[in-house]
Amino acid sequence: MLLKKSALLSVLVMVALLFVFSFSAMAQDEEVEIFSWWTGGGEEEGLNALIELFNEEYPDVEVINATVAGGAGSNAKAVLKTRMVGGNPPDSFQVHGGAELVDTYVETGLMEPITGLLEEWGVKDKFNQQILEMSSYEGEYYSIPVNVHRSNAMFYNKEVLAENDVEPPTDLASFKEALAKLDEAGVVPLALGDTNKWPAGQIFETLLVATLGPDGYNGLWDGSTAADDPAVREALVHFNDIMEYVNDDHSALTWQDATQLVHEGEAGFNIMGDWAEGYLKTLGWTPGEEFGWMPVPGTEGSFVVVTDTFGLPKGAPNPENAKKWLKTIASKEGQDTFNPIKGSIPARLDADESKYDAYLRDTMEDFANDTLTPSIVHGSAAPEGFITAMNDTINEFISTGDVDQAFEKFQENHEEYVQ
(Lines give C-alpha, C1' and ligand atoms only; values in the text may rest on other atoms or scores of the structure.)
Protein backbone atom coordinates (compact mmCIF):
# COMPACT_ATOMS: atom_id res chain seq x y z
CA MET A 1 0.00 0.00 0.00
CA LEU A 2 2.86 2.30 0.92
CA LEU A 3 4.53 1.46 -2.39
CA LYS A 4 1.38 2.34 -4.32
CA LYS A 5 1.13 5.72 -2.55
CA SER A 6 4.78 6.42 -3.29
CA ALA A 7 4.31 5.55 -6.95
CA LEU A 8 1.21 7.74 -7.15
CA LEU A 9 3.11 10.63 -5.56
CA SER A 10 5.91 10.21 -8.10
CA VAL A 11 3.43 10.31 -10.97
CA LEU A 12 1.82 13.47 -9.58
CA VAL A 13 5.23 15.15 -9.21
CA MET A 14 6.12 14.24 -12.79
CA VAL A 15 2.81 15.61 -14.07
CA ALA A 16 3.36 18.83 -12.13
CA LEU A 17 6.88 19.20 -13.52
CA LEU A 18 5.66 18.54 -17.06
CA PHE A 19 3.00 21.23 -16.59
CA VAL A 20 5.59 23.73 -15.36
CA PHE A 21 7.96 22.97 -18.23
CA SER A 22 5.15 23.12 -20.77
CA PHE A 23 3.92 26.45 -19.36
CA SER A 24 7.45 27.87 -19.44
CA ALA A 25 7.91 26.76 -23.03
CA MET A 26 4.54 28.25 -23.95
CA ALA A 27 5.41 31.53 -22.25
CA GLN A 28 8.72 31.58 -24.09
CA ASP A 29 6.98 31.04 -27.43
CA GLU A 30 4.71 34.00 -26.81
CA GLU A 31 7.21 36.85 -26.53
CA VAL A 32 10.14 38.49 -28.28
CA GLU A 33 12.32 41.23 -26.82
CA ILE A 34 13.36 43.95 -29.27
CA PHE A 35 16.09 46.32 -28.07
CA SER A 36 16.57 49.80 -29.58
CA TRP A 37 17.13 53.47 -28.80
CA TRP A 38 14.10 54.69 -30.77
CA THR A 39 12.37 56.89 -28.22
CA GLY A 40 12.32 60.29 -29.95
CA GLY A 41 9.69 61.86 -32.18
CA GLY A 42 9.30 60.10 -35.52
CA GLU A 43 11.47 57.13 -34.61
CA GLU A 44 9.23 56.01 -31.74
CA GLU A 45 6.13 56.32 -33.91
CA GLY A 46 7.84 54.35 -36.69
CA LEU A 47 8.84 51.56 -34.32
CA ASN A 48 5.33 51.38 -32.88
CA ALA A 49 3.88 51.07 -36.38
CA LEU A 50 6.32 48.23 -37.13
CA ILE A 51 5.36 46.46 -33.90
CA GLU A 52 1.68 46.87 -34.78
CA LEU A 53 2.33 45.23 -38.15
CA PHE A 54 4.20 42.40 -36.42
CA ASN A 55 1.29 41.92 -34.01
CA GLU A 56 -1.09 41.61 -36.95
CA GLU A 57 1.05 38.87 -38.47
CA TYR A 58 1.85 37.11 -35.19
CA PRO A 59 -0.94 37.93 -32.72
CA ASP A 60 0.19 35.27 -30.22
CA VAL A 61 3.67 36.79 -29.79
CA GLU A 62 4.03 39.66 -27.32
CA VAL A 63 6.66 42.22 -28.26
CA ILE A 64 8.77 43.38 -25.33
CA ASN A 65 9.78 46.84 -26.53
CA ALA A 66 13.06 47.42 -24.69
CA THR A 67 14.26 50.95 -25.42
CA VAL A 68 17.01 53.07 -23.89
CA ALA A 69 16.81 56.80 -24.63
CA GLY A 70 19.76 58.72 -26.02
CA GLY A 71 20.37 60.05 -29.53
CA ALA A 72 22.32 57.74 -31.87
CA GLY A 73 22.25 55.10 -29.16
CA SER A 74 24.70 56.95 -26.94
CA ASN A 75 23.30 55.24 -23.83
CA ALA A 76 21.75 52.13 -25.36
CA LYS A 77 25.00 50.85 -26.82
CA ALA A 78 26.64 50.66 -23.40
CA VAL A 79 23.65 48.79 -21.94
CA LEU A 80 23.54 46.43 -24.91
CA LYS A 81 27.24 45.61 -24.74
CA THR A 82 26.94 44.78 -21.04
CA ARG A 83 24.03 42.45 -21.75
CA MET A 84 25.71 40.75 -24.71
CA VAL A 85 29.01 40.17 -22.93
CA GLY A 86 27.15 39.05 -19.80
CA GLY A 87 25.23 36.36 -21.67
CA ASN A 88 21.86 38.14 -21.39
CA PRO A 89 21.10 39.16 -24.99
CA PRO A 90 17.75 40.46 -26.21
CA ASP A 91 16.10 38.46 -28.99
CA SER A 92 17.08 41.09 -31.56
CA PHE A 93 18.60 44.55 -31.33
CA GLN A 94 19.17 47.70 -33.34
CA VAL A 95 22.74 48.12 -34.54
CA HIS A 96 24.30 50.26 -37.26
CA GLY A 97 25.55 48.29 -40.24
CA GLY A 98 29.29 48.38 -40.84
CA ALA A 99 32.04 48.50 -38.26
CA GLU A 100 29.66 48.86 -35.30
CA LEU A 101 28.02 45.53 -36.10
CA VAL A 102 31.03 43.61 -37.42
CA ASP A 103 33.79 44.74 -35.07
CA THR A 104 31.71 44.73 -31.90
CA TYR A 105 29.48 41.70 -32.26
CA VAL A 106 30.30 39.53 -35.29
CA GLU A 107 34.08 39.18 -35.00
CA THR A 108 33.65 38.50 -31.27
CA GLY A 109 31.35 35.57 -32.02
CA LEU A 110 28.17 37.00 -30.49
CA MET A 111 25.90 36.80 -33.55
CA GLU A 112 24.29 34.01 -35.56
CA PRO A 113 24.59 34.19 -39.36
CA ILE A 114 21.26 34.72 -41.12
CA THR A 115 22.32 34.12 -44.73
CA GLY A 116 20.10 31.03 -44.88
CA LEU A 117 17.07 33.02 -43.76
CA LEU A 118 17.57 35.64 -46.48
CA GLU A 119 17.76 32.86 -49.05
CA GLU A 120 14.78 30.98 -47.58
CA TRP A 121 12.63 34.12 -47.68
CA GLY A 122 13.82 34.99 -51.19
CA VAL A 123 14.76 38.56 -50.25
CA LYS A 124 18.55 38.68 -50.63
CA ASP A 125 18.39 40.31 -54.07
CA LYS A 126 15.63 42.71 -52.98
CA PHE A 127 18.06 44.90 -51.03
CA ASN A 128 20.55 47.48 -52.19
CA GLN A 129 23.64 45.29 -52.24
CA GLN A 130 26.05 47.97 -50.97
CA ILE A 131 23.85 48.41 -47.92
CA LEU A 132 23.41 44.68 -47.42
CA GLU A 133 27.18 44.17 -47.61
CA MET A 134 27.53 46.44 -44.57
CA SER A 135 25.97 43.56 -42.62
CA SER A 136 28.32 40.89 -43.98
CA TYR A 137 31.51 39.24 -42.76
CA GLU A 138 33.53 36.49 -44.44
CA GLY A 139 30.74 35.54 -46.81
CA GLU A 140 27.90 35.46 -44.29
CA TYR A 141 25.19 38.02 -43.48
CA TYR A 142 24.48 38.85 -39.85
CA SER A 143 21.71 41.46 -39.84
CA ILE A 144 18.91 42.91 -41.94
CA PRO A 145 18.91 46.62 -42.88
CA VAL A 146 15.54 48.12 -42.07
CA ASN A 147 16.33 51.56 -43.47
CA VAL A 148 18.80 54.01 -44.97
CA HIS A 149 19.39 57.44 -43.45
CA ARG A 150 21.33 60.34 -44.89
CA SER A 151 23.44 62.11 -42.30
CA ASN A 152 24.76 64.92 -44.55
CA ALA A 153 21.37 66.60 -44.64
CA MET A 154 20.61 70.21 -43.73
CA PHE A 155 17.13 71.51 -42.96
CA TYR A 156 16.00 75.11 -42.80
CA ASN A 157 13.03 77.19 -41.75
CA LYS A 158 11.72 78.68 -45.01
CA GLU A 159 9.95 81.59 -43.32
CA VAL A 160 13.03 82.59 -41.32
CA LEU A 161 15.19 82.60 -44.43
CA ALA A 162 12.61 84.55 -46.45
CA GLU A 163 12.10 87.17 -43.71
CA ASN A 164 15.84 87.81 -43.60
CA ASP A 165 16.39 87.72 -47.36
CA VAL A 166 18.65 84.65 -47.14
CA GLU A 167 18.88 82.24 -50.05
CA PRO A 168 19.65 78.55 -49.49
CA PRO A 169 23.45 78.30 -49.88
CA THR A 170 25.13 76.56 -52.79
CA ASP A 171 28.59 75.99 -51.30
CA LEU A 172 30.52 76.48 -48.06
CA ALA A 173 31.36 80.11 -48.87
CA SER A 174 27.72 81.10 -49.43
CA PHE A 175 26.74 79.02 -46.38
CA LYS A 176 29.02 81.09 -44.16
CA GLU A 177 27.61 84.26 -45.71
CA ALA A 178 24.07 83.09 -44.93
CA LEU A 179 25.06 82.28 -41.34
CA ALA A 180 26.60 85.73 -40.90
CA LYS A 181 23.47 87.42 -42.28
CA LEU A 182 21.18 85.56 -39.88
CA ASP A 183 23.53 86.36 -37.01
CA GLU A 184 23.32 90.06 -37.80
CA ALA A 185 19.52 89.78 -37.78
CA GLY A 186 19.53 88.30 -34.28
CA VAL A 187 18.50 84.81 -35.35
CA VAL A 188 20.42 81.70 -34.30
CA PRO A 189 22.09 80.85 -37.61
CA LEU A 190 22.77 77.14 -37.01
CA ALA A 191 20.94 75.12 -34.35
CA LEU A 192 23.11 72.57 -32.57
CA GLY A 193 22.41 70.23 -29.66
CA ASP A 194 25.54 68.24 -28.86
CA THR A 195 25.13 67.24 -25.23
CA ASN A 196 25.86 63.70 -26.49
CA LYS A 197 28.89 64.95 -28.52
CA TRP A 198 28.05 63.06 -31.73
CA PRO A 199 26.00 65.85 -33.43
CA ALA A 200 29.12 68.04 -33.54
CA GLY A 201 31.14 65.08 -34.79
CA GLN A 202 28.51 64.55 -37.46
CA ILE A 203 28.93 68.10 -38.73
CA PHE A 204 32.68 67.55 -38.89
CA GLU A 205 32.37 64.30 -40.85
CA THR A 206 30.19 66.01 -43.45
CA LEU A 207 32.86 68.70 -43.81
CA LEU A 208 35.45 65.96 -44.34
CA VAL A 209 33.31 64.74 -47.24
CA ALA A 210 33.12 68.31 -48.56
CA THR A 211 36.88 68.92 -48.49
CA LEU A 212 38.17 65.45 -49.38
CA GLY A 213 35.41 64.54 -51.82
CA PRO A 214 33.61 61.21 -51.52
CA ASP A 215 36.48 59.11 -52.89
CA GLY A 216 39.06 60.83 -50.72
CA TYR A 217 36.84 60.43 -47.67
CA ASN A 218 36.27 56.75 -48.37
CA GLY A 219 40.03 56.44 -48.73
CA LEU A 220 40.50 57.27 -45.06
CA TRP A 221 39.06 53.84 -44.27
CA ASP A 222 40.71 51.73 -46.99
CA GLY A 223 44.19 53.22 -46.68
CA SER A 224 44.27 55.21 -49.91
CA THR A 225 43.95 58.60 -48.16
CA ALA A 226 46.43 59.66 -45.49
CA ALA A 227 45.16 61.15 -42.24
CA ASP A 228 47.56 64.09 -42.69
CA ASP A 229 45.95 65.08 -45.99
CA PRO A 230 45.68 68.91 -46.07
CA ALA A 231 41.95 68.57 -46.80
CA VAL A 232 41.44 67.16 -43.29
CA ARG A 233 42.92 70.33 -41.83
CA GLU A 234 40.76 72.38 -44.21
CA ALA A 235 37.66 70.64 -42.83
CA LEU A 236 38.71 71.62 -39.31
CA VAL A 237 39.09 75.24 -40.42
CA HIS A 238 35.57 75.24 -41.89
CA PHE A 239 34.22 73.59 -38.75
CA ASN A 240 35.85 76.24 -36.55
CA ASP A 241 34.31 79.01 -38.67
CA ILE A 242 30.84 77.47 -38.58
CA MET A 243 30.90 76.95 -34.81
CA GLU A 244 30.94 80.73 -34.42
CA TYR A 245 27.30 80.70 -35.49
CA VAL A 246 25.71 78.04 -33.27
CA ASN A 247 23.51 78.67 -30.24
CA ASP A 248 25.42 79.36 -27.00
CA ASP A 249 23.62 76.59 -25.09
CA HIS A 250 24.40 73.87 -27.63
CA SER A 251 26.23 71.64 -25.15
CA ALA A 252 23.11 71.46 -22.95
CA LEU A 253 20.73 70.46 -25.76
CA THR A 254 19.86 67.23 -27.55
CA TRP A 255 19.46 66.94 -31.31
CA GLN A 256 15.68 67.11 -30.83
CA ASP A 257 16.04 70.37 -28.88
CA ALA A 258 18.10 71.83 -31.71
CA THR A 259 15.54 70.74 -34.30
CA GLN A 260 12.84 72.42 -32.23
CA LEU A 261 14.74 75.73 -32.46
CA VAL A 262 14.26 75.59 -36.22
CA HIS A 263 10.61 74.59 -35.82
CA GLU A 264 9.96 77.46 -33.41
CA GLY A 265 11.53 80.03 -35.73
CA GLU A 266 14.44 80.74 -33.41
CA ALA A 267 17.05 79.28 -35.78
CA GLY A 268 17.57 79.19 -39.51
CA PHE A 269 19.50 76.00 -40.25
CA ASN A 270 20.05 72.59 -38.68
CA ILE A 271 22.60 70.03 -39.88
CA MET A 272 21.20 66.68 -38.83
CA GLY A 273 20.52 63.23 -40.21
CA ASP A 274 17.13 62.94 -41.82
CA TRP A 275 15.60 61.42 -38.72
CA ALA A 276 15.08 65.13 -38.04
CA GLU A 277 12.67 65.14 -40.99
CA GLY A 278 10.58 62.51 -39.25
CA TYR A 279 10.68 64.58 -36.07
CA LEU A 280 9.60 67.77 -37.85
CA LYS A 281 6.62 65.90 -39.26
CA THR A 282 5.56 64.82 -35.76
CA LEU A 283 5.70 68.50 -34.80
CA GLY A 284 3.13 69.22 -37.51
CA TRP A 285 5.26 70.44 -40.41
CA THR A 286 4.95 69.31 -44.03
CA PRO A 287 8.12 68.83 -46.12
CA GLY A 288 8.49 71.58 -48.69
CA GLU A 289 5.99 73.87 -47.01
CA GLU A 290 7.36 75.09 -43.68
CA PHE A 291 10.84 73.64 -44.13
CA GLY A 292 13.27 72.97 -46.93
CA TRP A 293 16.34 70.78 -47.23
CA MET A 294 19.59 70.27 -49.06
CA PRO A 295 22.81 68.30 -48.69
CA VAL A 296 25.32 69.98 -46.40
CA PRO A 297 26.98 72.61 -48.62
CA GLY A 298 29.96 71.16 -50.43
CA THR A 299 28.68 67.57 -50.24
CA GLU A 300 26.39 67.54 -53.26
CA GLY A 301 26.78 64.24 -55.09
CA SER A 302 27.74 62.43 -51.87
CA PHE A 303 25.38 60.45 -49.68
CA VAL A 304 26.65 59.86 -46.13
CA VAL A 305 25.01 56.56 -45.22
CA VAL A 306 23.59 55.41 -41.90
CA THR A 307 21.70 52.12 -41.83
CA ASP A 308 19.86 50.62 -38.87
CA THR A 309 19.84 46.84 -38.83
CA PHE A 310 18.58 43.97 -36.68
CA GLY A 311 20.17 40.55 -36.29
CA LEU A 312 20.00 37.36 -34.26
CA PRO A 313 22.26 37.19 -31.17
CA LYS A 314 23.71 33.90 -30.07
CA GLY A 315 21.80 32.67 -27.04
CA ALA A 316 18.68 34.69 -27.85
CA PRO A 317 15.93 33.47 -25.45
CA ASN A 318 13.31 33.27 -28.20
CA PRO A 319 15.18 32.64 -31.47
CA GLU A 320 12.17 31.48 -33.47
CA ASN A 321 10.24 34.61 -32.58
CA ALA A 322 13.33 36.69 -33.34
CA LYS A 323 13.31 35.18 -36.82
CA LYS A 324 9.66 36.22 -37.19
CA TRP A 325 10.67 39.77 -36.30
CA LEU A 326 13.50 39.70 -38.84
CA LYS A 327 11.15 38.39 -41.52
CA THR A 328 8.75 41.26 -40.81
CA ILE A 329 11.39 43.97 -41.11
CA ALA A 330 12.84 42.32 -44.23
CA SER A 331 9.46 42.45 -45.96
CA LYS A 332 8.38 45.16 -48.39
CA GLU A 333 5.36 45.87 -46.21
CA GLY A 334 7.53 46.17 -43.11
CA GLN A 335 9.91 48.64 -44.72
CA ASP A 336 7.09 50.67 -46.27
CA THR A 337 5.34 50.80 -42.89
CA PHE A 338 8.34 51.95 -40.90
CA ASN A 339 10.33 54.31 -43.10
CA PRO A 340 7.77 56.94 -44.16
CA ILE A 341 7.17 57.65 -40.46
CA LYS A 342 10.80 57.41 -39.34
CA GLY A 343 12.05 59.86 -41.97
CA SER A 344 14.24 57.33 -43.76
CA ILE A 345 14.18 55.45 -47.03
CA PRO A 346 13.92 51.66 -47.34
CA ALA A 347 16.94 49.42 -47.83
CA ARG A 348 14.85 47.35 -50.23
CA LEU A 349 14.75 48.38 -53.90
CA ASP A 350 11.05 47.69 -54.52
CA ALA A 351 9.49 50.32 -52.25
CA ASP A 352 6.10 51.81 -53.01
CA GLU A 353 7.20 55.39 -53.62
CA SER A 354 3.63 56.66 -53.30
CA LYS A 355 3.88 56.07 -49.55
CA TYR A 356 6.82 58.49 -49.21
CA ASP A 357 6.78 62.28 -48.91
CA ALA A 358 8.57 64.80 -51.12
CA TYR A 359 11.75 64.82 -49.04
CA LEU A 360 12.05 61.02 -48.97
CA ARG A 361 11.38 60.68 -52.71
CA ASP A 362 14.08 63.28 -53.31
CA THR A 363 16.42 61.31 -51.06
CA MET A 364 15.65 58.06 -52.91
CA GLU A 365 16.75 59.71 -56.14
CA ASP A 366 20.00 60.97 -54.60
CA PHE A 367 20.65 57.57 -53.05
CA ALA A 368 20.36 55.95 -56.47
CA ASN A 369 22.78 58.42 -58.11
CA ASP A 370 25.23 59.75 -55.50
CA THR A 371 28.48 58.24 -54.26
CA LEU A 372 27.86 56.46 -50.95
CA THR A 373 30.11 57.30 -48.01
CA PRO A 374 29.78 55.59 -44.62
CA SER A 375 29.18 57.67 -41.50
CA ILE A 376 31.89 57.78 -38.84
CA VAL A 377 29.84 58.79 -35.82
CA HIS A 378 27.06 56.31 -36.60
CA GLY A 379 29.38 53.35 -36.60
CA SER A 380 29.70 52.45 -40.28
CA ALA A 381 33.11 53.77 -41.32
CA ALA A 382 35.47 53.24 -38.41
CA PRO A 383 35.99 51.22 -35.22
CA GLU A 384 34.31 52.27 -31.99
CA GLY A 385 37.59 53.45 -30.46
CA PHE A 386 38.14 55.94 -33.29
CA ILE A 387 34.59 57.27 -33.03
CA THR A 388 34.96 57.97 -29.32
CA ALA A 389 38.37 59.55 -29.79
CA MET A 390 37.24 61.73 -32.69
CA ASN A 391 34.15 62.95 -30.85
CA ASP A 392 36.33 63.83 -27.86
CA THR A 393 38.76 65.65 -30.16
CA ILE A 394 36.00 67.67 -31.78
CA ASN A 395 34.42 68.45 -28.41
CA GLU A 396 37.75 69.79 -27.14
CA PHE A 397 38.33 71.65 -30.41
CA ILE A 398 35.06 73.57 -29.98
CA SER A 399 36.48 74.96 -26.73
CA THR A 400 40.07 75.62 -27.84
CA GLY A 401 39.71 76.54 -31.50
CA ASP A 402 43.24 75.17 -31.99
CA VAL A 403 43.17 73.81 -35.54
CA ASP A 404 46.69 72.38 -35.54
CA GLN A 405 46.18 70.56 -32.26
CA ALA A 406 42.92 69.00 -33.49
CA PHE A 407 44.61 68.05 -36.79
CA GLU A 408 47.42 66.31 -34.92
CA LYS A 409 44.99 64.44 -32.67
CA PHE A 410 42.96 63.30 -35.67
CA GLN A 411 46.10 61.78 -37.15
CA GLU A 412 47.02 60.11 -33.85
CA ASN A 413 43.53 58.65 -33.48
CA HIS A 414 43.55 57.41 -37.05
CA GLU A 415 46.93 55.73 -36.62
CA GLU A 416 45.86 54.06 -33.37
CA TYR A 417 42.44 52.78 -34.37
CA VAL A 418 42.18 52.65 -38.17
CA GLN A 419 45.55 51.84 -39.73
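The ring-ring contact (aromatic ring centres under 6.0 Å, His included) search around Y359 returns F155, W293, not counting sequence neighbours. Partners of K181 by side-chain hydrogen bond (donor to acceptor under 3.5 Å, both in side chains), not counting sequence neighbours: none found. H263 meets the ring-ring contact (aromatic ring centres under 6.0 Å, His included) test with W285; sequence neighbours excluded. The side-chain hydrogen bond (donor to acceptor under 3.5 Å, both in side chains) test applied to D241 returns K176, not counting sequence neighbours. Residues meeting the ring-ring contact (aromatic ring centres under 6.0 Å, His included) test with Y142, sequence neighbours left out: none.
With ring centers used as reference points, F407 lies 6.0 Å or more from F397. For W255 and H250, the ring centers sit 6.0 Å or farther from each other.
With values rounded to the nearest 0.5 angstrom, L110 atom CG is found 4.5 Å from M84 atom CE. To the nearest 0.5 Å, the span separating CG on L101 from OH on Y137 amounts to 11.5 Å. Rounding to the nearest 0.5 Å gives a distance of 4.5 Å between CG of D404 and CZ of R233. With rounding to the nearest 0.5 angstrom, the OG1 atom of T371 is 8.0 Å from the CG atom of N218.
Counting only residues at least two apart or in different chains, salt bridge (charged side-chain N to carboxylate O under 4.0 Å, His left out) contacts with residues 272-293 comprise E277-K281, K281-D357. Pairs passing the ring-ring contact (aromatic ring centres under 6.0 Å, His included) check and including a residue from residues 301-337, sequence neighbours excluded, read W38-F310, F54-W325, F303-F367, F310-W325. Residue pairs meeting the salt bridge (charged side-chain N to carboxylate O under 4.0 Å, His left out) criterion with at least one partner in residues 82-99, sequence neighbours excluded, are E33-R83. Sequence neighbours left out, the pairs with a member in residues 296-309 that pass side-chain hydrogen bond (donor to acceptor under 3.5 Å, both in side chains) are Q94-D308, H96-D308, S143-T309, N147-D308, N152-T299. For the side-chain hydrogen bond (donor to acceptor under 3.5 Å, both in side chains) condition, the pairs that include at least one residue of residues 102-129, sequence neighbours left out, are T115-E140. For residues 187-200, every residue pair satisfying the salt bridge (charged side-chain N to carboxylate O under 4.0 Å, His left out) rule, not counting sequence neighbours, is listed here: K197-D392. Sorted by first and then second residue, the salt bridge (charged side-chain N to carboxylate O under 4.0 Å, His left out) pairs involving residues 361-370 (not counting sequence neighbours) are R150-D366, R150-D370.
Surrounding CD of E384 are at most 12 heavy atoms belonging to other residues, nucleotides or ligands under 6.0 Å away. Surrounding CD of E52 are at most 12 heavy atoms belonging to other residues, nucleotides or ligands under 6.0 Å away. Applying the 6.0 Å contact sphere to NZ of K355 captures no more than 12 heavy atoms from other residues, nucleotides or ligands. Within a 6.0 Å sphere centred on CG of N369, other residues, nucleotides and ligands contribute more than 12 heavy atoms.
Looking only at side-chain heavy atoms (C-beta outward), K77 and L80 stay at 4.5 Å or farther from each other. A 4.5 Å side-chain heavy-atom check between M364 and P346 finds at least one atom pair inside the cut-off. Side-chain contact between M154 and P297 is present, with at least one heavy-atom pair separated by less than 4.5 Å. Proximity of N270 to L261: side-chain heavy atoms (C-beta onward) are nowhere separated by under 4.5 Å. With a 4.5 Å cut-off on side-chain heavy atoms, V68 and W37 do not count as touching.
Remark: the backbone N or O of Y245 is not paired with any side-chain donor or acceptor of D183 at under 3.5 angstrom. When atom types are taken as modelled, the side chain of H414 and the backbone of L220 share a donor-acceptor pair closer than 3.5 angstrom. The backbone N or O of W198 sits nowhere less than 3.5 Å from a side-chain atom of N196 that would complete a donor-acceptor pair. Distance alone, capped at 3.5 Å, places no donor-acceptor pair between the N318 side chain and the N321 backbone. Q335 places a side-chain N or O within donor-acceptor distance of the main-chain N or O of A347, the cut-off being under 3.5 Å.
Nearest heavy-atom pair, T259 versus A276, reported as atom, atom and distance to 0.1 Å: OG1-CB, 4.0 Å. Of all heavy-atom pairs spanning L312 and A322, the tightest one is CD1-CB, 3.6 Å. Contact between E205 and S375 at its shortest, heavy atoms only, is OE2-OG, 2.9 Å.
Side chains of E133 and Y141: a donor-acceptor N/O pair is present below 3.5 angstrom, by distance only. Between the side chains of N339 and S344, at least one donor-acceptor pair of N or O atoms lies under 3.5 Å.
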* **Stepwise side chain to side chain contact (heavy atoms under 4.5 Å, CB included) test for T328 and Y58** => CA-CA 10 Å; T328 298; Y58 306 102; 3.6 Å; yes
* Let me see the working for Q202 and H378 under side chain to side chain donor-acceptor pair (under 3.5 Å), right down to the final yes or no. => CA-CA 8 Å; Q202 181 174 278; H378 298 289; 2.6 Å; yes
